[in-house]
Amino acid sequence: MTNAPAQAPIPPQRVMAQFLFGKQLTASLSALARLGVADHMGDTAISADELAGKIGAHAPSLFRVMRMLAGFGVFSQEPGGKFALTPLGALLRTDVSGSMRYMAMMIGDEPSMRAYVHMADCIRTGQDGITMAYGKPIFDLFAERPEQAETFQRAMSGGSAIAAQSILASYDFPGIERLADLGGGHGLLLASVLQKYPAMQGVLFDLPEVVAGVPEDRLASCGGRLRVEAGSFFDRVPQGCDAYMMKHIIHDWSDEHCRNILRLIRAELPPHGRLLVCEQVMPEEPGPAPAKMLDIEMLVMTVGGKERTPREFGELFASAGLKLGRIVTTPTPTCVIEALPA
């Protein structure tokens with residue numbers, strides 16, 4: 001038996017070219033998500049011409065984009081210029097479990113793309129690209145752009161749908177009587193927790209314009225145990241709760257901003273209470289990690305936001321009268337970081 005010939009290493013120039021052309025993937029996936037292409041594809045292959053008629057697109061251009069994405073497994077390319085959805089491409093559908101359609105739209109939205117034009121200046125100055133591009137931080141910009149703010153909230157709800165399953169499978173919530181989800185968006189994660197723990201009460205806390213979009217069926221699914229409260233976690237947090245939860249909130253803000261939020265929570269937290277921070281944790285060791293990619297998004301898109309190491313979480317908690325309890329990993333990159341009264 002002869003050994004198979006060793007595979008030749010990929011030349012560095014080709015690897016670098018693949019990295020540099022990543023923008024074509026991001027922009028193409030985002031555009032097809034915005035056009036709703038996957039929502040018009042069923043179980044059988046469909047031609048780009050027919051798809052173009054359904055979505056009002058230029059057929060040759062649509063074909064070229066789908067042909068490129070088929071090379072990355074988003075579609076399978078069939079004879080006759082037809083394409084079929086793969087399990088990967090199906091994530092761009094609106095109606096599938098774990099849909100990433102709105103996430104794709106958000107990542108390719110104008111503010112995100114425009115902010116990255118300023119990345120060299122972000123590295124040079126430490127300032128975020130959104131403020132450089134628009135003269136104001138991202139959440140102030142969203143307040144003026146309800147359509148893009150809605151895309152953001154839908155993207156966060158899609159992420160919560162994935163995170164909720166892994167958090168509930170990995171973290172034990174019993175013993176909590178009243179749980180407040182700060183910056184909880186449209187309430188998908190909190191509703192999922194309440195549905196699993198029928199004795200628990202919940203408070204969904206977010207800005208007025210955000211909680212106005214909470215679906216009525218989500219409230220009804222919790223049998224009256226989910227209360228909505230409008231406000232800013234920089235000014236106050238709900239009272240009378242023995243646990244507080246924040247998913248992908250802390251990483252949006254600088255240490256100074258976070259201390260403000262954490263001190264407000266600490267002032268309300270009973271001695272037996274706990275804070276659950278659902279975030280990615282930055283590994284201390286070298287090598288690739290999802291948190292390192294997300295950290296760059298925070299660098300460019302937020303004012304001082306970042307992904308934090310366990311040591312950084314511990315120091316941040318200590319500065320607000322809390323202490324790091326434990327870090328519970330989940331099947332996804334999101335962890336449950338538990339903080340207790342110090």
Side-chain angles (χ1 to χ4, degrees), residues 153 156-207 210-211 214 218-219 221-222 225-253 257-281 307-308 313 316-317 320-330 332-341:
Q153 290 300 333
M156 294 303 99
S157 292
S160 291
I162 299 169
Q165 298 174 15
S166 61
I167 290 170
L168 285 168
S170 306
Y171 187 82
D172 199 10
F173 285 82
I176 297 175
E177 296 182 5
R178 195 162 187 252
L179 173 65
D181 190 358
L182 309 181
H186 290 169
L188 193 149
L189 175 58
L190 181 57
S192 299
V193 174
L194 295 180
Q195 287 161 15
K196 183 173 180 180
Y197 297 94
M200 189 187 297
Q201 300 285 325
V203 182
L204 177 63
F205 187 79
D206 213 319
L207 296 171
V210 175
V211 296
V214 177
R218 187 158 297 153
L219 298 174
S221 69
C222 297
R225 293 179 293 116
L226 175 56
R227 184 167 67 84
V228 175
E229 191 173 324
S232 168
F233 46 54
F234 289 118
D235 299 326
R236 65 180 185 87
V237 299
Q239 297 179 323
C241 300
D242 57 338
Y244 294 84
M245 177 170 64
M246 292 186 287
K247 183 182 76 66
H248 290 160
I249 300 296
I250 291 294
H251 77 161
D252 286 334
W253 302 99
H257 284 96
C258 291
R259 271 191 289 272
N260 184 9
I261 303 169
L262 294 172
R263 284 168 179 163
L264 291 172
I265 296 171
R266 179 64 185 91
E268 297 293 341
L269 206 60
H272 64 281
R274 50 183 150 159
L275 165 64
L276 310 176
V277 175
C278 302
E279 302 255 340
Q280 294 190 26
V281 176
E307 305 308 312
R308 292 174 171 87
F313 274 114
L316 182 61
F317 292 154
L322 298 163
K323 63 182 180 181
L324 177 62
R326 57 184 176 137
I327 297 177
V328 178
T329 60
T330 77
T332 70
T334 300
C335 300
V336 181
I337 305 142
E338 192 178 70
L340 307 171

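These numbers come from a predicted model, not from an experiment. Sequence positions, counted from 1, serve as the residue numbers for this chain.
A salt bridge (Lys or Arg N to Asp or Glu O under 4.0 Å) check over residues 230-246, counting only residues at least two apart or in different chains, returns the pairs E229-R236.
Of the possible polar contacts, one joining the R308 side chain to the I250 backbone as a donor-acceptor pair under 3.5 Å is found. No side-chain donor-acceptor contact under 3.5 Å links R263 to the backbone of G321.
Atom CG of residue L226 and atom CD of residue Q195 lie 9.5 Å apart, to the nearest 0.5 angstrom. To the nearest 0.5 Å, the span separating CG on L324 from CZ on F317 amounts to 6.0 Å. Atom CD1 in I167 sits 7.0 Å away from atom CE in M245 (nearest 0.5 Å). For the atom pair CH2 of W253 and CG of N260, the computed distance is 10.5 Å after rounding to the nearest 0.5 Å. Note that CE of M200 is 8.5 Å distant from CG of L190, once rounded to the nearest 0.5 Å. With rounding to the nearest 0.5 Å, the separation of CG in L194 from CG in L189 is 9.5 Å.
Looking at every heavy atom in both residues, S157 comes nearest to L188 through O-CD1, 3.7 Å. Between E279 and H251, the shortest heavy-atom distance links the atoms OE1-CB, 2.9 Å. Of all heavy-atom pairs spanning L269 and L322, the tightest one is CD2-CD2, 4.0 Å. Of all the heavy atoms in I249 and G183, the pair that sits closest is CD1-O, 3.6 Å. Annotation for S192 and L168: closest pair O-CD1, 3.6 Å, computed over non-hydrogen atoms. The two residues A180 and C241 have their closest heavy-atom pair at CB-SG, 3.7 Å.
The side-chain heavy atoms of H248 and C278, taken from C-beta on, include no pair separated by under 4.5 Å.
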Full working for side-chain contact (heavy atoms from CB on, under 4.5 Å) between H186 and D206: CA-CA 9 Å; H186 290 169; D206 213 319; over 6 Å; no

side-chain contact (heavy atoms from CB on, under 4.5 Å) between L262 and M246, intermediate numbers included: CA-CA 11 Å; L262 294 172; M246 292 186 287; 4.2 Å; yes

Criterion side-chain contact (heavy atoms from CB on, under 4.5 Å) on V193 and D181, from CA distance to verdict: CA-CA 10 Å; V193 174; D181 190 358; over 6 Å; no

Steps toward side-chain contact (heavy atoms from CB on, under 4.5 Å) verdict (I261, F234): CA-CA 6 Å; I261 303 169; F234 289 118; 3.7 Å; yes

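Listed by chain and number, the residues in a side-chain contact (heavy atoms from CB on, under 4.5 Å) with E338 are Y171, R274, L276, R326, L340 (sequence neighbours excluded).
Within a 6.0 Å sphere centred on NZ of K196, other residues, nucleotides and ligands contribute more than 12 heavy atoms.
By the 30° and 60° cut-offs, the orientation of the rings of Y197 relative to F173 is tilted.
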